[in-house]
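Okay, so here's the structure we're looking at.
Keep in mind it's a predicted model, so treat the numbers as computed, not measured.
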Amino acid sequence: MAEAEVAELHSEVSRETDHEVVVIGAGVAGIYQIKRLKDLGVRAIVLDANPDLGGTWYHNRYPGARFDSESYTYGYSFSRELLDEWHWTEQFSPQPENLRYLDFVARKFGLREHMQFDSRVEAMRFDEEANIWRLSLQDGSEITTRFVVTGVGVLSTPTLPRFEGMELFEGPSFHSFHWPHEPLDLAGKRVAVIGTGATAIQLIPEVAKVAGHLTVFQRRPNWAAPLNNAPISASEMDAIRARYDEIFETCARTPGGFEHEPDRRGFYNVTAEERRELWDRLYDEPGFAIWLRNFVEIFIDEEANREFSEYIAERIRRRVHDPEVAEKLIPKDHGFGIQRLPMETGYFEAYNRPNVDLVDSAATPIERITRMGLETTERSFEFDVIVYSTGFDSFTGAFDQINIEGVGGARLRDKWADGPVTYLGLLVSGFPNFIMLAGPQSAATNFPRGAELAVDWATPLIEYMREHGHQRFDAEETAEAAWVEHVKEMYQGLLLRKAKSWITGYNSNLDGHEYGKTRYNIYNGGGPKYAQRLRDVATRNYEGVTFD
């Protein structure tokens, strides 16, 4: 199509719709996406249900909330100027600094003027005649757009338990995701934390320091390892800036998008003493080193994983004074590292404090919440504050919150009733002009690395549409089916396939999720293989995508 004709088409699109692109979500992915669209001169806007930007870092304000990715591998890589200006103060940055960082990025590049807050999208319907999306907002308004790009987050839909009487409790009670924005004084208070997932593992040591008494209700223990956080001095930050190119090159070639590269000597090619020497060193290194610098065999070989899990169990026993409590904190139903690993700071030592109790809520389940506390099958408890750290409707939950209707009125939540079905974790057949950033069935990596990869694929697709005068794209059903089968195949051979975790969809607390049935939520081929697949598809004129 001639340049003049393309320009006229763009003008026509502008007249037909409020925006050419609507981005849903002003978190890490959405901020970078609007930056790319702004640079192209595309009429685009970000809609976010929250009062301000930040996504997960806007909500998760609980004590102890911070990165478990090294800060300098979590920040954006797209601007050298940004990398030179921002100084991370800790190796694993806390929530307030993370929010300041995202605000700094938005202000530096003039992105806030392209964002609309307190704008919850309740429904999206694809208008097949006009090839546009019609979005219905909670305030009753409607927005039209040619393209919708979602950056709604993997863990943005918290789930509460279904205990009888939850509405009766007279003190503050809330999901950890909704920790109050105003100061919450826990000094001397009787606090209950229900759940021991990644959030609780960060939260519990901090609450234990100030609460009069903390009672932790654990249904299923999680493996965890030391975060080993430390401040970053000015000279250390200068050294980091000098090697940013190297840092991001390493992240691009490692399976998880971190600086940590696996030990490829072979688990059985070294002696037991050499393995232990490695583990002793890694246990004291920062971040995911103990998980991702380890032998590859711990992820695929039962015996290798069993030996390593026993090593971690020994370290936990050393840190917890009461042997009975230590055994309760050691998982018996899965090995170390086959689920997403929580990182901790003083978590196990918290149970040595005289003001902290651990209740096995698998052995003595919670029966009901009362006016003054809660009751288990064994006894009653009184509390001043109850914190539900009970997880999320991961991967698909945020999409299910929006009534998304594609071709023929088909609903996305119906198509995904048994688990996500996508093409490349980015597109969904039957839902044209719709792109998901870091959506289900994309590679599980250090989040910003995966988000930038997705944006850097999505943006040229929109450019391609504009340059060729196309009004509509859609994923081919056959390409989508082949991708889903490939995703399933990549679970085989990994111990992850046996994990009963949020990653594989085991959650008896969610409507429509069959407990014990795997949902294929992530691509396990690693970041480099996934990135190559995206490049190949784009190079072949978006193989598997049809244009109209």
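- By the 4.0 Å N-to-carboxylate-O rule, Lys328 lies too far from Asp360 to be salt-bridged with it.
- Counting heavy-atom neighbours within 6.0 Å of Glu324 CD, excluding the residue itself, gives a total of 12 or less.
- Under the 3.5 Å distance criterion, with hydrogens and angles disregarded, no donor-acceptor pair is assigned to the side chains of Asn521 and Arg519.
- Inspection of the Thr196 and Asn222 side chains reveals no N or O donor paired with an N or O acceptor under 3.5 Å.
- Remark: Asp333 engages Arg220 in a salt bridge, criterion side-chain N to carboxylate O under 4.0 Å.
- In this model, no donor atom of one side chain and acceptor atom of the other lie less than 3.5 Å apart for Gln91 and Asn229.
- The closest donor-acceptor contact from the side chain of Asn60 to the backbone of Thr56 lies under 3.5 Å.
- For the residue pair Gln116 / Ser119, a side-chain donor-acceptor distance below 3.5 Å is found, with atom types taken as modelled.
- Side chain to side chain, Thr159 and Asp393 fail the donor-acceptor criterion of an N or O pair below 3.5 Å.
- Comment: Arg317 does not engage Asp322 in a salt bridge, judged by the lack of any side-chain N to carboxylate O separation of less than 4.0 angstrom.
- In summary, Glu182 and Arg61 do not engage in a salt bridge, as defined by a charged side-chain N under 4.0 Å from a carboxylate O.
- Taking the charged nitrogens against the carboxylate oxygens, Arg112 and Asp103 do have a contact shorter than 4.0 Å, which makes a salt bridge.
- Side-chain atoms of Thr215 and Asp357 form no donor-acceptor pair, as typed in the model, at a separation below 3.5 Å.
- Checking Gln202 against Tyr62 by side-chain atom types alone, a donor-acceptor pair falls below 3.5 Å.
- Formation of a donor-acceptor pair under 3.5 Å by the Asp48 side chain with backbone atoms of Ala26 is found in this model.
- The existence of a salt bridge linking Glu382 and Arg371 is excluded, since no basic side-chain nitrogen approaches an acidic carboxylate oxygen closer than 4.0 Å.
- With respect to Glu375 and Arg368, a salt bridge is recorded, a charged nitrogen being found less than 4.0 Å from a carboxylate O.
- The pair Glu97-Arg66 fails the salt-bridge criterion, with no side-chain N (NZ, NE, NH1 or NH2) lying under 4.0 Å from an Asp/Glu carboxylate O.
- In plain terms, the two heavy atoms of Trp483 and Thr422 that are nearest each other are CD1-O, 3.3 Å.
- Residue Glu477 qualifies as open at atom CD: its count of foreign heavy atoms under 6.0 Å is 12 or below.
- The cationic atom of Arg413 (NZ for Lys, CZ for Arg) does not lie both less than 6.0 Å from the six-membered ring centre of Phe399 and within 45° of the ring axis.
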